[in-house]
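Right, one structure below, let's go through it.
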Amino acid sequence: MGILSGIRVLDCSIAMAGPFAAQRMGDMGADVIKVEPTTGEWQRHAPAGGAWGNEINVSFLSLNRNKRSLAVDLKSPEGKALLLDLVKSADVFLQNYRPGVAARLGVDYETLSAINPKLVYVSMSGYGEDGPYKNYPGQDLLLQSMSGAMMSAGSKDTPPSPAGQYLVDAITAYTAFEGALAALFHRERTGEGQKVEVNMLDAITTIQMQELSVFTVGKKPQIRSVEPHAHSYIRAPYGVFKTKDSYITIAMANLKKLGELIGEPFFADLEDQTDSWTYRDKIYAMTRIKLEEKTTQEWLDMFRPVDIWCGPVYGYEDVVNDPQIKHNGTFVEYDHPTEGRVKTPGFPIKFSKTPSTVDRGAPRVGEHTREILAAAGKSEAEIEALLKSGAVKQAPEKVNV
């Protein structure tokens with residue numbers, strides 16, 4: 001019994017941001033019905049890294065656990081009628097169609113809220129539901145490039161560097177998740193549902209609350225330095241440095257203390273909050289040269305005891321094997337009927353009384369069509385007729401591995 005037990009979510013989203021938001025609700029106990037085309041959601045056919053899996057690729061597997069799949073043709077009258085029937089008992093409806101598509105399908109907020117006034121309707125888009133960019137493709141890298149964030153790091157003579165994660169998708173997912181929970185809380189107080197709009201451009205812009213306020217209020221220009229400084233609004237040294245055997249990160253170190261440890265006398269008389277800006281490139285360059293003399297572990301052993309903020313630079317193998325990650329139980333493992341033993345990132349929020357669990361892995365296309373329709377009151381004869389017409393699809397009972 002998760003904290004959202006009793007909440008039913010109709011997840012009509014595709015790709016990453018929408019499914020990730022819905023999965024978070026499923027992890028917390030919500031009954032998430034993934035409403036997807038009879039051919040399967042887009043992400044089933046577009047695996048990141050070419051990781052196809054046996055029947056379910058890793059991208060889809062990672063974003064759709066704790067959901068049931070209803071495979072339905074929403075362009076057919078029977079399919080649309082089924083969805084509208086499910087809306088009557090739903091708590092949350094989530095979609096990330098391009099602007100205008102929901103209305104064309106007849107699943108826009110005005111239509112669904114008339115059926116169920118208590119419905120929390122979460123609409124996700126790339127740039128907003130109207131405006132000059134509304135029809136532009138809302139893709140993670142494109143939004144990263146428009147967010148301004150890339151110009152806060154690196155050096156001025158090198159191309160801006162994207163984040164190493166699908167950052168905008170993830171931030172948008174969490175924003176939608178937060179909005180859905182807040183709207184559900186409002187409904188508990190008032191009994192009324194509402195529309196929740198989230199777009200990727202606003203999500204990635206507003207998380208830069210501090211940086212953009214430094215620019216708009218503090219009037220500090222966003223200037224990349226000659227050396228590859230990690231953030232234009234953080235004093236030196238701040239970034240990634242090569243060591244004798246790998247890399248290390250250093251953040252806002254006390255200059256006098258750092259100079260003593262690395263053997264750089266120039267740092268001795270510098271003031272942290274003034275000179276670290278005046279000599280930003282010089283400080284970075286001198287630190288860079290000195291740090292190549294020892295291994296990462298040697299520097300960590302020297303820096304950490306005297307409160308020099310530092311850390312190793314991990315690859316994914318290091319992350320998975322990190323002792324704190326293991327202690328936290330950051331990853332979960334479970335058995336999937338087609339993909340075997342699965343190890344994947346788990347739950348970032350821990351509840352003392354209502355813990356999140358993996359109750360089911362990502363579903364096959366239409367794996368739960370029959371049980372969802374039966375629970376919605378459809379007779380066996382009606383379900384068979386829908387299957388025969390092609391309005392819905394049921395996954396075969398036999399699992400081929």
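Below, each value reflects all heavy atoms present in this structure, side chains not excepted, and no hydrogens, waters or symmetry copies.
Put simply, the residue from Trp299, Tyr284, Phe303 that forms a ring pair (Phe, Tyr, Trp, His ring centres under 6.0 Å) with Phe241 is Tyr284.
The salt bridge (charged side-chain N to carboxylate O under 4.0 Å, His left out) contacts involving residues 111-131 comprise Glu129-Lys195, where partners must be two or more places apart or lie in separate chains.
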Contacts table for residues 214-221: side-chain donor-acceptor under 3.5 angstrom, sequence neighbours left out:
unit_1: Thr216; atom_1: OG1; unit_2: Leu212; atom_2: O; d: 3.0
unit_1: Lys219; atom_1: NZ; unit_2: Thr216; atom_2: O; d: 3.1

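For the pair Arg24 and Phe177, the NZ or CZ position fails the cation-pi test of under 6.0 Å to the six-membered ring centre and within 45 degrees of the ring normal.
Listed by chain and residue number, nothing satisfies the side-chain contact (heavy atoms from CB on, under 4.5 Å) test with Ile289 (two or more places apart in sequence, or in another chain). For the side-chain contact (heavy atoms from CB on, under 4.5 Å) test, residues two or more places apart in sequence or in another chain that qualify with Thr330 are Ile325, Asn328. For Asp245, the side-chain contact (heavy atoms from CB on, under 4.5 Å) criterion is met by Thr243, Thr295, Thr296, not counting sequence neighbours. By the side-chain contact (heavy atoms from CB on, under 4.5 Å) test, Glu397 pairs with no residue at all, sequence neighbours left out.
For the atom pair CG of Leu255 and CG of Asp272, the computed distance is 4.5 Å after rounding to the nearest 0.5 Å.
Classified by interplanar angle (parallel below 30°, tilted 30° to 60°, perpendicular above 60°), the ring pair Tyr233/His231 is tilted.
Using a 3.5 Å distance cut-off with no hydrogens or angles, the side chains of Asp157 and Ser155 do not pair a donor with an acceptor. Between the side chains of Gln222 and Ser152, at least one donor-acceptor pair of N or O atoms lies under 3.5 Å. A side-chain donor-acceptor contact under 3.5 Å links Asp108 and Thr111. The closest side-chain donor-acceptor pair between His186 and Thr190 falls under 3.5 angstrom.
Across every non-hydrogen atom of Glu264 and Met286, the tightest pair is CD-SD, 3.8 Å.
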